[in-house]
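Chain identifiers are assigned alphabetically (A, B, ...) following the order of the sequence lines, protein sequences preceding nucleic acid strands; residue numbering begins at 1 within each chain.
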Amino acid sequence: MDKKQVAEILEEIGTLLELKGEISFKFQAYFRAARSIDALTDEIDVYVKEGRLREIPGVGEGLAEKITELVTTGKLKYLEELKKSFPESLFQLLQIQGLGPKKVKVLYEKLKIKSVADLEKAARAGTLSNLDGFGEKTSENILKGIEHLKKHSGYSLYSNALAEAEKIITHLSKHPKTIRISIAGSLRRHKEIIRDLDILVSSKNPEAIMETFTTLDSVETVTAKGETKSSVLLKSGIQVDLRVVTDTEFPYALHHFTGSKEHNTAMRARAKQMEMKMNEYGLFKEPSDKLIPCKDEEEIFEKLDLSYIPPELRENMGEIEAGARRAVPLLIEEKDIRGVFHTHSLYSDGAATIEDMAKEAQRLGLKYIGLSDHSRSAAYAHGMEPERIKKQWKEIDEINKRLKGIRILKGSEVDILGDGSLDYDNAILAELDFVIVSVHSRFTMSETEMTKRIIKAIQNKYTTMLGHMTGRLLLGREGYHINHKEIFQAAKDYGVIIELNANPHRFDVDWRYGRDLKELEIKVSINPDAHKVDGIADYRFGVGIARKGWLEKKDVFNTMGLEQIMKFL
DNA sequence: GCCGTTTTCGGCCCGACTGTTTTCAGTCG
């Protein structure tokens with residue numbers, strides 16, 4: 001049983017306890033432990049074997065015992081008992097907007113409602129309003145919630161969420177009553193997938209802003225509208241929350257609504273320790289309740305005796321401790337990127353000519369672009385036979401002569417075949433400036449086999465970097481099973497770079513491994529995996545993910561200038 | 001159920017909005 005499964009089970013227990021009506025501190029302890037376990041980089045069985053479970057924040061005597069039972073036997077008596085009181089199908093009901101544990105409990109106990117289907121039937125029949133605390137409006141909202149649940153998965157890719165947010169920001173920033181405006185929430189923290197959008201505005205006239213916001217063309221329904229907060233569902237299915245505060249409150253509110261929830265909780269606890277109180281309206285001295293003036297987020301951190309913590313790091317994964325030690329890394333920035341690798345052209349499955357791709361890279365201020373069309377086995381992507389790649393080299397030479405200020409590097413995204421060998425022979429590989437090796441087939445191998453396969457490819461002396469390490473497609477498919485530790489060790493031993501694929505569908509390698517890579521001094525290359533001209537700029541998303549993974553300029557391969565890159569290659 | 005440079009017991013972050021109520025519980029972030 002891996003840490004993800006353990007975390008899910010703890011969360012399940014927490015939810016069951018919540019349904020049961022246990023005090024919040026008890027079930028929240030389960031949620032907290034679940035989050036810390038999910039955030040571990042080592043596997044959970046290591047902690048069990050070495051008896052180190054209690055080192056995990058939020059895991060005490062009781063949970064350590066339960067986790068040990070879970071990991072060693074694969075089962076947990078306590079959970080089996082709990083499950084007897086509530087059927088698992090109730091969890092679906094909790095997905096419905098406006099339904100929490102208390103209401104779900106009533107629905108189950110009074111009306112024997114066990115599933116979304118049961119609930120829909122009851123709501124339509126009008127039987128819900130007989131229950132205490134359920135009125136006409138509640139039934140209506142439940143039906144709306146079910147409708148929404150059916151239509152939308154609930155998550156969006158980062159890039160799509162950003163595009164929606166920017167449209168709203170553009171609109172609201174033109175509003176004469178807007179003073180300051182910012183994206184907040186998980187989008188500002190650059191999470192890889194986004195559930196809803198948070199936007200913060202400061203204004204002297206909140207009502208006017210709310211009115212404009214709730215009547216935007218892109219709004220499907222308004223789910224809440226108050227003096228300081230409104231929520232809407234966009235036609236695209238994304239939920240947007242808007243908060244409006246005074247301009248004095250803006251920095252505190254920005255910090256608050258950027259989150260994460262876990263980061264905020266830890267920050268408030270710190271404030272409390274320092275005899276201060278923190279909420280979205282300010283930082284206050286206790287017990288006088290006097291506001292501690294801060295003009296921006298930087299000052300808030302300062303007052304709490306912390307270095308500035310960039311939004312991407314605010315996951316309560318060690319950033320506050322780092323802030324206290326003045327050890328927050330100076331994160332990589334967009335301007336540090338000097339060139340990109342992993343781009344495709346018409347020679348394989350790309351949609352643009354080599355020259356157009358190069359010109360776009362140049363327009364973005366880059367100094368080099370590494371072209372890497374697919375190798376021959378990649379029939380799905382018009383992989384190139386050796387004759388065709390030789391033709392491509394000629395074209396690259398010719399364009400390089402003509403274009404000034406940008407250099408096209410000759411590379412390939414070479415398939416890692418089933419047995420770990422590469423899809424071109426050494427004669428071709430030796431001629432290339434760089435070689436990205438990637439898995440594009442036989443995804444369902446066992447972890448052991450897949451790890452062995454990838455390590456064999458890493459050991460090839462022509463391999464420069466490993467492409468999209470897990471092959472995951474966000475909101476699409478799970479990655480293949482690998483042992484990342486063994487792969488990282490091999491990458492270190494053989495001097496191979498690990499790609500951070502910046503395509504918003506991938507963001508692979510996961511940012512959670514950033515600090516492992518950094519510790520091992522493995523270089524990361526932020527690669528757009530561009531298949532068309534406007535895909536090249538995706539490297540910017542990758543920079544956000546790299547920042548989230550605590551990476552600095554020195555950790556990233558393509559922050560090097562052309563000369564250094566060529567020397568390395 | 002966890003945790004401790006105020007505590008080994010008694011705390012545990014805090015506020016907005018809705019709907020169903022007459023003063024607040026539930027939900028959400």
Side-chain angles (χ1 to χ4, degrees), chain A residues 10 13-14 16-36 53-67 78 93-107 128-142 144-145 184-186 189 195-200 206 210 214 222-232 239-245 249 252-253 255-284 286 289 316 324:
Chain A
L10 293 182
I13 296 174
L16 285 167
L17 291 173
E18 202 177 354
L19 278 170
K20 236 181 121 183
E22 283 283 359
I23 58 157
S24 66
F25 305 113
K26 186 164 172 175
F27 61 75
Q28 269 169 7
Y30 279 87
F31 294 142
R32 176 167 181 231
R35 280 191 304 266
S36 345
L53 279 174
R54 297 196 54 180
E55 290 172 17
I56 302 169
V59 176
E61 199 185 338
L63 279 176
E65 212 170 282
K66 291 192 177 78
I67 294 166
Y78 182 66
L93 299 184
L94 291 167
Q95 301 291 312
I96 298 166
Q97 278 279 335
L99 277 193
K102 297 271 165 52
K103 284 207 163 83
V104 167
K105 188 178 181 199
V106 171
L107 287 170
L128 296 185
S129 30
N130 302 334
L131 298 170
D132 277 351
F134 285 74
E136 213 172 292
K137 221 37 206 267
T138 312
S139 296
E140 219 174 277
N141 285 340
I142 285 176
K144 271 191 205 158
S186 56
R189 300 200 313 278
R195 192 196 275 284
D196 49 33
L197 303 179
D198 295 283
I199 294 173
L200 179 69
M210 290 301 178
T214 51
V222 179
T223 48
K225 190 177 174 190
E227 281 169 36
T228 68
K229 177 187 165 181
S230 293
S231 298
V232 300
Q239 179 179 319
V240 191
D241 296 334
L242 176 75
R243 300 291 296 236
V244 185
V245 296
E249 291 161 347
Y252 313 101
H255 177 265
H256 179 88
F257 294 115
T258 296
S260 64
K261 195 173 158 188
E262 292 76 27
H263 169 88
N264 285 354
T265 306
M267 287 286 281
R268 288 197 206 102
R270 182 179 178 87
K272 197 165 180 177
Q273 258 175 28
M274 297 172 72
E275 293 182 338
M276 286 181 261
K277 186 182 83 176
M278 205 177 173
N279 60 29
E280 57 259 63
Y281 300 113
L283 182 65
F284 304 94
E286 295 257 81
D289 238 18
N316 196 27

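Of all heavy-atom pairs spanning I96(A) and I142(A), the tightest one is CG2-O, 4.1 Å. Considering every non-hydrogen atom in both G133(A) and T138(A), the closest pair reads O-OG1, 4.1 Å. A pairwise comparison of heavy atoms in L200(A) and F257(A) identifies CD1-CD1, 4.1 Å as the closest pair. For the pair G58(A) and L63(A), the tightest heavy-atom approach, listed with the atom from each and the gap, is O-CD1, 3.6 Å. Considering every non-hydrogen atom in both S36(A) and P57(A), the closest pair reads OG-O, 2.7 Å. Minimum interatomic distance between K105(A) and K20(A) (heavy atoms only, all atoms of both residues): NZ-O, 3.4 Å.
dT8(B) is unpaired under the criterion used here, namely a Watson-Crick or G-U wobble arrangement in which both key atom distances are under 3.5 Å.
Look at N141(A) and you'll find a side-chain N or O under 4.0 angstrom from OP1 or OP2 of dG19(B). Dashed line: the shortest gap from a side-chain N or O of T228(A) to OP1 or OP2 of dC17(B) is under 4.0 Å.
Applying the side chain to side chain contact (heavy atoms under 4.5 Å, CB included) rule to A64(A) yields the partners L53(A), R54(A), V59(A); only residues at least two apart in sequence or on another chain are considered. Remark: Y78(A) pairs with I13(A), L17(A), K26(A), Y30(A), K66(A), L76(A), L82(A) by the side chain to side chain contact (heavy atoms under 4.5 Å, CB included) rule, at least two apart or across chains. When the salt bridge (Lys or Arg N to Asp or Glu O under 4.0 Å) test is applied to E249(A), no partner is found at least two apart in sequence or on another chain.
dC17(B) atom P lies 7 Å from atom CD of E227(A), rounded to whole Å. Atom pair M267(A):CE and dC14(B):C1' shows a separation of 15 Å (rounding to whole Å applied). With rounding to whole Å, E275(A) atom CD is found 13 Å from dT5(B) atom C1'. We find that OH of Y252(A) is positioned 17 Å from P of dC14(B), with the value rounded to whole Å. Atom OH of Y281(A) is separated from atom P of dG15(B) by 9 Å (rounded to the nearest Å). Distance R243(A) CZ to dC14(B) C1': 11 Å, rounded to the nearest Å. Between L16(A) atom CG and dG1(B) atom C1' there is a gap of 16 Å when expressed in whole angstrom units. Residue K137(A) contributes atom NZ, which lies 15 Å from atom P of dT21(B) at whole-angstrom precision.
For dT18(B) and dG10(B), the C1' atoms lie 34 Å apart once the distance is rounded to whole Å. Nucleotides dG29(B) and dT21(B) are separated by 24 Å at their P atoms, to the nearest Å. Straight-line distance between the P atoms of dC17(B) and dC12(B): roughly 25 Å, to the nearest whole Å. Straight-line distance between the P atoms of dT8(B) and dG4(B): roughly 13 Å, to the nearest whole Å. Taking atom P on both dG26(B) and dT20(B), the two are 14 Å apart, rounded to the nearest angstrom. dG1(B) and dT5(B): their P atoms are spaced 23 Å apart (whole Å).
Nucleic acid contact class of E22(A) (heavy atoms, under 4.0 Å, all strands): none. Here K66(A) lies in heavy-atom contact (under 4.0 Å) with sugar-phosphate atoms only.
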What N/O pairs connect the protein and nucleotides 9-12 of chain B at under 3.5 Å? Give each pair on its own line.
from, atom 1, to, atom 2, distance (Å)
dC12(B), OP1, K272(A), NZ, 2.8

Mind listing the N/O atom pairs, protein and nucleotides 2-4 of chain B, below 3.5 Å?
from, atom 1, to, atom 2, distance (Å)
dC2(B), OP1, G60(A), N, 2.7
dC2(B), OP1, G60(A), O, 3.3
dC2(B), OP1, L63(A), N, 3.0
dC2(B), OP2, G62(A), N, 3.3
dC3(B), OP1, G58(A), N, 2.9

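Taking a cutoff of 4.0 Å between a charged side-chain nitrogen and a carboxylate oxygen, R243(A) and D198(A) do not qualify as a salt bridge.
Residue M267(A) is tested with H256(A), E262(A), M278(A) for a side chain to side chain contact (heavy atoms under 4.5 Å, CB included); the sole match is M278(A).
Each of F134(A) and N279(A) was matched to the nucleotide of DNA chain B holding its nearest heavy atom; the match closer to the 5' end belongs to N279(A).
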Q.
I'd like to compare against my own output: the B/S/- annotation of nucleotides 22-29 of chain B with a strict under-4.0 Å heavy-atom distance to protein.
A. ----SSSS
Q. Please walk me through it: do D241(A) and K229(A) pass salt bridge (Lys or Arg N to Asp or Glu O under 4.0 Å)?
A. CA-CA 7 Å; D241(A) 296 334; K229(A) 177 187 165 181; 5.6 Å; no
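Within a 6.0 Å radius of NZ in K225(A), other residues, nucleotides and ligands contribute more than 12 heavy atoms.
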